[in-house]
Amino acid sequence: MTTTVQMPQAQPEETPPKASSGTWRRFRKEPLGMIALVVLAVLVFAAVAAPWLADYPTGYGDRVLEGPSGAHWFGTDSLGLDVFAEVVWGARQSLLVAAAASLIAIVFGTLLAVVGAYFKRVDAVVGVIVDLTLSLPVLPLMILVAALVGPSTVTIIFVIAAFSWPEVTRVVRSQALSVVRMPYVDAARLMTSSPAWIIRRHVVPAVMPLILVSVVLTASRAVLSAAGLAFLGLGDPNTWSWGRILYEAQQAGAMSTAWWLPLFPSLAIFLLVLAATMLSTAYNDARNPRRNR
Amino acid sequence: MRSTRVITAAALSAALALGACAPEAPQSGGGTGGGQEVTDATLTIATTTDVVNYNPLVGNSRSDYWITNLMYPHLLSIGEDGEKEPELAKEWGYVDDTTGFYELESGLTWSDGKPLTAKDVAYTLNAVKRDAPAGTLYGQLSNFDTATAVSDTRVEVKLTKPDASVIPEIGFWGNVVPQHVFEPAGSVAKFANDGSDGGWVSAGPYVLTDVQRGQSYTLERKDDYPLVEGGKPKAAKVVYRVFPDVNTEILSLKNGDVDVIANSLPPAQVKELQNTEGVTVQEVPGLGYAHMTYNMTKPDLAKTDVRLALAHAVDYEAIRRVVLQDQAVSTGSSPIMPVLKQYYDDSIKEYEHNPEKSRELLDDAGYKANSEDKYPLSFRLIYSLQDPVTTQWATLVKDGAAEAGITIELQGLERNAYLAKTDAGDFDIYAGNFAIMDDPATNMSLTYLPGGAINYSYVDDPELTKLIQQAQVTFERDEQVPILQEAAKKVRDNVYDNVMYTQNLYVAHRSDWSGFTVKPSELLSIVNPISVASATKSE
């Protein structure tokens, strides 16, 4: 009896380091995954090192709407500000929103998923709420909420998180459902009467890889949503973000004449989303080598 | 009695964004069109908004005004300096202090064949007074009692008390609607006039015949329109096409898909389009101003020194040079703009951009800067996101205030939320603009009298109130001007309002079209009815 109880207990503690080191070994052999990782690292570096890379774009400059040059690598906008500086500082805001919104969505979404998977009665309610939220027209609702509450970074983060968690819940729940039916979870129930302990020690670790993939994908979707909202004028007007650069270019009617204004922030968004998607795919393949080979 | 003295005032709140149109004798507008005139051409005009209201007495969006103004004429028109000009009314004025009159052009008809008479005019005014539709015309009727058609071409207006500006005001802001269509529909405040009951009836140069929401509005020529040269509009059709934004409008104009962009161009695009072959850019004189008001119900902003400190922290010259590309003129921080030549006082000077002075003012007022040189002052500035120019300079205002140690938090709002917050006084600093501020006496009564419709600074200064009220009942301009100038100086010195500039607008059209008549403001510009009816296309 004791052995059967101890076995599953030991398993999750011992296997993760093994599994993760194997995953990392296989991941390094995925060229696309490594490229994606480098791209993301560069973007994160730009965000963190923004103060050393460029002065914060503020005030105005006298050279309005000038194309890329040695002095202004990405050209200038309709206020004469340096677009390179805007993109670099915009990376901060965009990544902050992505990280914060996906963190909230992941924590909340995972919590609901595992609790739902563990308690059958709660599951029905969670399932209905998730289905209901997933069927809502997300963008119009985001616009409505952002417009009513007023644009600010905090609003944007919460609005995006509020509409991102159901996806996480749905994905994590399906995995968690199969985990709670595993014999070692049944065995754990004999060990303790605390569901919280079982969920923390057994269910969450089992769905962790899925959560990691979700974090990256949710974050990249959050960047897109944030850029979309900012492009509609619902971003934080006090901070630079990639969406705000696009929005101001559109407002100034400069989209058709100053190609550098929409190009560089769009490129940044494109790279981030593409890299995030490739990274999560590569990670998934590395973690589960049998799936695609 | 006071013959046709034109005392006008029309404060156009950004909130209401009201327009007026006024035919006058056509002049040749810009354009390089040579060659053979195309007969029965179609004039395609680009706009960015759909029509919200087809009832001109309610009106809301720009498109509402541009399209309804082609169907429902105004009594009076306006010149570049704010002076009123004849349109449907050829003469107007006062019989005595409390009776005004309009003498109408004869021979105008509605598109269903019924004549347009003084009865339509009297009906429109009385119905607006009775039903109070949410438009600027109703706002002008506070001293209006009743209108009576004394003959087919003469309307007399009874006033409740003497008011030197009400006759030109009503004439300029009011559209005339057909009594035989609007009266059976009941309240003019509720009538949709959406053509669902057999189409529209027009006394303008064109009549709306087809609506594709989100896409286009087609108007067809009305064959007799005596206010245009030759008595018949030149283009057979006018089509308003709806575009998602100004970028797509500009592309379509360059491609030749549209002939005119009705919205004014973003300042940074003017030069580019001036150098584009096949496109003509036309300057439209401004008759309004952009400004900031400081909400004086807030304890800090109630102090003159704090308002002065804020005013000195703004780099007005940079805003006009960079954001407006030098397409704007300073008003000397006075609510009376230089374009109103008869009233302008050039001895009133603009607030100097001097953040150091701002700091001195705050120190003297007892505020203490912290270790980071920041004062414990933080204000929320609201503006409309649909107003790209204000959106741009709002950041310059914020940066300037930061230099003076004052924190400004920007709150750009969707237009309706902005209007709601403006009306509720839910702001510290308001940034916006008025399209037409043509008569100082009326403008000041609306902006600076306690309870005034657009008194966004909530100013209540008994001395200023007295000056404005005195100006309102002073019929002779020579006596009125010094009173108004004294009031303007008071406004400037106490920062009851921070008027920043008058913007001169630019609109663009294809060069093969010519004959447009330019009128002040974006609402009239080259899409006023006379201009549209006079435009011709050459091969």
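Each chain gets a letter, A, B and so on, in the order the sequences are listed, and its residues count up from 1.
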Inset, instruction - Please look at B:Gln392 and chain A and tell me whether the side chain, the backbone, both or neither of the residue comes under 4.5 angstrom of a heavy atom of that chain. - result: both
Legend entry - Among A:Thr58, A:Val64, A:Asp236, residue most engaged with chain B (heavy-atom pairs, under 4.5 Å): A:Thr58
Legend entry - Region of B:Leu396 in contact with chain A, defined by heavy-atom distances below 4.5 Å: side chain
Inset, instruction - Answer with yes or no after comparing the ring centroid distance for A:Tyr247 and A:Phe231 against a 6.0 Å cut-off, counting only values under it. - result: no
Inset, instruction - Name the region of A:Ala249, side chain, backbone, both or neither, that has any atom closer than 4.5 Å to a heavy atom of chain B. - result: backbone
Legend entry - chain A contact via B:Leu251 - which portion, at a heavy-atom distance below 4.5 Å: side chain
Legend entry - Side chain to side chain, A:Thr239 and A:Arg92, heavy atoms closer than 4.5 Å: no
Inset, instruction - Check whether any side-chain heavy atom of B:Arg320 sits under 4.5 Å from a side-chain heavy atom of B:Tyr316, and report yes or no. - result: yes
Legend entry - Part of A:Leu79 lying under 4.5 Å from any heavy atom of chain B: both
Legend entry - Residue, of A:Leu65, A:Ile143, A:Asp62, that accumulates the most heavy atom pairs under 4.5 Å with chain B: A:Asp62
Legend entry - Close aromatic pair by centroid cut-off 6.0 Å: A:Tyr56 and A:Trp89: yes
Legend entry - Check: A:Val213 and A:Ser280 side chains under 4.5 Å, non-hydrogen atoms: yes
Legend entry - Atom group of B:Lys254 that falls short of 4.5 Å from chain A, counting heavy atoms: side chain
Inset, instruction - Please determine, among A:Gly61, A:Ala258, A:Pro237, the option with the most heavy-atom pairs under 4.5 Å with chain B. - result: A:Pro237
Inset, instruction - Using a 4.5 Å cut-off on heavy atoms from C-beta on, say whether the side chain of A:Leu81 contacts that of A:Glu86. - result: yes
Inset, instruction - Report yes or no: does A:Arg63 contribute a side-chain atom to a donor-acceptor pair with the main-chain N or O of A:Gly75 at less than 3.5 Å? - result: no
Legend entry - Portion of B:Glu409 that has a non-hydrogen atom of chain A nearer than 4.5 angstrom: both
Legend entry - Largest heavy-atom contact set with chain A, pairs under 4.5 Å, which of B:Glu249, B:Glu272, B:Gln325: B:Glu272
Inset, instruction - Would you please indicate yes or no on a ring centroid separation below 6.0 angstrom for B:His291 and B:Tyr501? - result: no
